*Asks:* 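Input: one structure, supplied below.
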Amino acid sequence: MFSLEELSKKISDGSAKVGVIGLGYVGLPLAILMSKRFKVVGFEKSKEIIEQLKNGKSPFTDVTESLLTERLGNTLLLSDNEKDLGDCDFLIICVPTPLDYEKKPDLSYIKTACRSIQTFLKKGQFVILESTSYPGTTEEIMIPLFEKSGLKAGEDFGVAYSPERVDPGNKKFKVENIPKVVGGINETCTEIAAKLYESVLEAKVIRTRDCKTAEAAKIAENIFRDVNIALANELALIFERMGINAWEVIDIACTKPFGFMPFYPGAGVGGHCIPLDPLYLSYQAKKYEFIPRFIELSGEINDFMPIHTINLLIEGLKRVNKKITKSTITIFGIAYKRDVKDTRESPSRIIIEQIISSGGNAKIFDPFAKEIETKYGKYKSEKDAEQAVKNSDAIVIVVDHTIFTEEFLSNLIKTMDEPVIVDCKNVLKEGLKGICEDGIYLGIGKPNHSE
Ligand code: SAJ
């Protein structure tokens with residue numbers, strides 16, 4: 001039997017050894033945080049990432065190179081050999097949970113991590129899953145793999161789920177000050193996992209009654225965003241037809257000091273969490289013979305937005321007697337959201353593919369993301385914005401990067417002949433007023449009726 005007392009003692013006297021499996025945007029900040037108090041083994045199967053980190057190169061703004069270097073020389077050991085995890089008291093799994101090609105949960109990373117842990121799992125160790133997944137993953141997937149060792153979860157070794165809530169690049173909320181949810185497979189496990197996080201976090205640790213509740217809380221947080229973004233998008237589609245500015249409507253609704261929370265329309269929902277997490281719950285719900293129509297419909301509405309963006313582009317070009325075919329369209333922003341360089345699930349990919357499949361040419365400008373993979377190959381950002389709009393027929397503003405100010409854009413638009421502008425993020429609040437007379441402006445959520 002592993003003991004609460006023994007592990008609690010190792011936590012309180014700092015002698016516990018912690019293994020972090022997966023050194024991505026979740027695992028690396030956690031390994032750095034844990035290495036403030038404990039000896040940490042940071043395991044990463046990618047030798048390239050290990051090499052980069054060993055050279056003190058941090059791929060994430062959330063982990064400074066000075067901090068990484070300081071910890072590497074001290075309490076943080078990096079390894080691509082599972083054997084180095086064998087004597088860890090705690091093993092925290094922070095691996096990706098993507099979708100497969102059928103848009104179903106891909107738990108292969110979690111299963112691989114569990115299978116390697118199972119080879120050395122021994123009495124007294126404690127495993128925590130942080131990766132986002134559907135309620136039931138810890139108990140239905142992880143524990144059976146661990147118990148193949150003959151050990152019994154909750155008795156011989158501990159198991160808990162504690163969802164990552166990292167928001168990469170967020171200047172205000174970091175891993176140390178974001179409240180942490182923890183749910184064990186029994187009360188003792190909940191308590192031990194909670195004590196571990198409490199020993200390194202500034203933020204509150206919230207104990208749940210079981211793993212499923214903790215898994216459900218995380219997935220609910222992100223589905224909440226996805227469905228509310230879908231609502232903002234549907235309102236935008238309605239108000240466009242009614243000649244109403246949806247962005248103004250949202251700002252005015254915000255004047256209600258309670259009962260309203262703003263979400264904004266856009267070209268679609270990208271990123272590594274929000275578009276995927278609803279499909280994780282939807283998959284599991286169907287196993288309980290429930291079809292989550294609202295959640296699935298929200299995804300369909302969000303998935304329509306890149307297509308709507310193309311529809312606006314076609315309408316704008318038509319008003320200057322052009323078609324996408326043979327036109328050159330400049331895409332401003334290929335990242336999945338403002339001021340990040342990540343292009344995962346970025347709506348721009350679909351927009352670029354639609355332009356190319358319609359016989360158009362696409363040029364890119366993004367100050368953060370340098371390139372994006374499409375089914376027609378890699379599309380790279382131009383070095384400078386002037387070059388990006390040179391000889392272009394239209395600009396599609398997909399991402400509202402901070403540097404895409406009205407002044408920045410109007411200077412570029414003035415260099416174009418009869419420009420067609422599609423604004424997905426209300427960057428040009430007054431359209432082309434005061435910028436150019438001969439251009440055409442259409443925006444998501446804007447009254448786009450032709451004069
Ligand atoms: N988006 C909209 N309209 C909105 C908000 C977002 O179209 O009103 C789009 C964004 O452009 C992006 C996608 O949705 O393409 C996702 O945006 P996001 O702001 O939710 O950003 P993420 O994907 O980085 O979400 C992360 C999540 N963090 C974790 O899963 C730990 C989420 O829970 C956070 O709430 C979110 O960051 C945040 O608040 O920044």
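Counting starts at 1 for both ligands and their atoms, in listed order. These numbers were taken from a predicted model, which means no experiment stands behind them.
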*Asks:* Please evaluate residues E198 and R207 with respect to the criterion salt bridge (charged side-chain N to carboxylate O under 4.0 Å, His left out), reporting the C-alpha separation (whole Å), side-chain torsions for both, the decisive distance (0.1 Å), and the verdict.
*Replies:* CA-CA 11 Å; E198 279 168 344; R207 293 156 170 79; 2.9 Å; yes
*Asks:* Which residue pairs pass the ring pair (Phe, Tyr, Trp, His ring centres under 6.0 Å) test with at least one member in residues 214-255, sequence neighbours excluded?
*Replies:*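 Qualifying pairs: F224-F263.
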*Asks:* Is it true that a side-chain atom of H401 and a backbone atom of R338 form a donor plus acceptor pair closer than 3.5 Å?
*Replies:*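 Here the side-chain-to-backbone pair does not exist.
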*Asks:* Over 60° means perpendicular and under 30° means parallel, so classify the ring planes of Y134 and Y283, tilted if in between.
*Replies:*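 Aromatic pair Y283/Y134 classed tilted.
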*Asks:* Can you confirm whether or not the ring centre of F332 sits under 6.0 Å from the ring centre of F404?
*Replies:*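 Ring centroids of F332 and F404 are less than 6.0 Å from each other.
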*Asks:* For F368, does the six-membered ring have the charged nitrogen or CZ of K341 within the cation-pi criterion, i.e. under 6.0 angstrom from the centroid and within 45° of the normal?
*Replies:*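 So K341 doesn't make the cation-pi contact.
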*Asks:* Once you restrict both partners to nitrogen or oxygen, which atoms of ligand 1 have a protein partner under 3.5 Å, and how far apart are they?
*Replies:*
residue  : atom   : partner : partner atom : Å
ligand 1 : 3 (N)  : Y264    : O            : 2.8
ligand 1 : 8 (O)  : Y264    : N            : 2.8
ligand 1 : 11 (O) : Y336    : O            : 3.4
ligand 1 : 15 (O) : G270    : N            : 2.8
ligand 1 : 15 (O) : Y336    : O            : 2.6
ligand 1 : 19 (O) : R225    : NH2          : 2.9
ligand 1 : 20 (O) : R225    : NE           : 2.7
ligand 1 : 20 (O) : R225    : NH2          : 3.4
ligand 1 : 21 (O) : K337    : NZ           : 3.2
ligand 1 : 24 (O) : Y336    : OH           : 2.7
ligand 1 : 24 (O) : K337    : NZ           : 3.1
ligand 1 : 30 (O) : K218    : NZ           : 3.3
ligand 1 : 30 (O) : N222    : ND2          : 3.0
ligand 1 : 33 (O) : N222    : OD1          : 2.6
ligand 1 : 37 (O) : D167    : OD1          : 2.9
ligand 1 : 40 (O) : D167    : OD1          : 3.4
ligand 1 : 40 (O) : D167    : OD2          : 2.9
ligand 1 : 40 (O) : K337    : NZ           : 3.4

